[in-house]
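Report on the following structure.
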Amino acid sequence: NAGVTQTPKFRILKIGQSMTLQCTQDMNHNYMYWYRQDPGMGLKLIYYSVGAGITDKGEVPNGYNVSRSTTEDFPLRLELAAPSQTSVYFCASSYSGGATLETQYFGPGTRLLVL
Amino acid sequence: AQSVTQPDIHITVSEGASLELRCNYSYGATPYLFWYVQSPGQGLQLLLKYFSGDTLVQGIKGFEAEFKRSQSSFNLRKPSVHWSDAAEYFCAVGAAAGNKLTFGGGTRVLVKP
């Protein structure tokens, strides 16, 4: 199993450009998540999805969009890149929580620099 | 709202010495608690988790953590660190609804030879 894969590993964007961060998981997890990691701030949840066709906002959704057309893929879209979006982005996936909390499995991250 | 505080931003420890990382949480109900480790340039890997039962939890790589409800703490410990333990460590608290996690700011561990 590859687990959670993310592409690209690193990208430089100019202010106002757009891009899509790709995330794929092969564990048949129905829950998927996008986090951003800023130095000293831990990880903040951007968006999450509990299944194909269902997405919801996390703590810091402004400036981002997501879609979930398949179980495997959960792309994150930046429409108008801003310097404040310079960060490391992590995708994660898990089984559904139900009555308990399931472990989240993380991808290797995408480092984004907006200049 | 739930929150997690990791009071120590950096810790330096000598190889072979013991390590303790502090984590304090705020949560209205019985918490689900996690410790993750992030090696340089890598994603996060689960070290251990606490849901219920025995308050001393064993994890991978020789780590353990103790849940203390009265102190709202979930500190991570290792009796003897190895150079490969140099990494950033994150404590997280979770809500079953949506399976969402709230992370602390992390503690970076440096291991001296």
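FYI, side chains are in, hydrogens and waters are out, and symmetry mates aren't considered; it's all heavy atoms of this structure.
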Flag the pair D73(A) and R68(A) as a salt bridge only when some basic side-chain nitrogen lies within less than 4.0 angstrom of an acidic carboxylate oxygen.
no

Contacting region of Q38(B) [heavy-atom separation from chain A under 4.5 Å]
side chain

Among L46(B), V4(B), I9(B), L101(B), who wins on heavy-atom pairs under 4.5 Å with chain A?
L101(B)

Let me know if E59(A) has heavy atoms under 4.5 Å from chain B in its side chain, its backbone, both or neither.
neither

Turns out that what part of L43(A) lies under 4.5 Å from chain B's heavy atoms comes down to both

Looking just at side-chain N and O atoms, do [X] and [Y] make a donor-acceptor pair shorter than 3.5 Å?
{"X": "K49(B)", "Y": "T103(A)", "result": "yes"}
{"X": "T5(B)", "Y": "N24(B)", "result": "no"}
{"X": "Y27(B)", "Y": "T102(B)", "result": "no"}

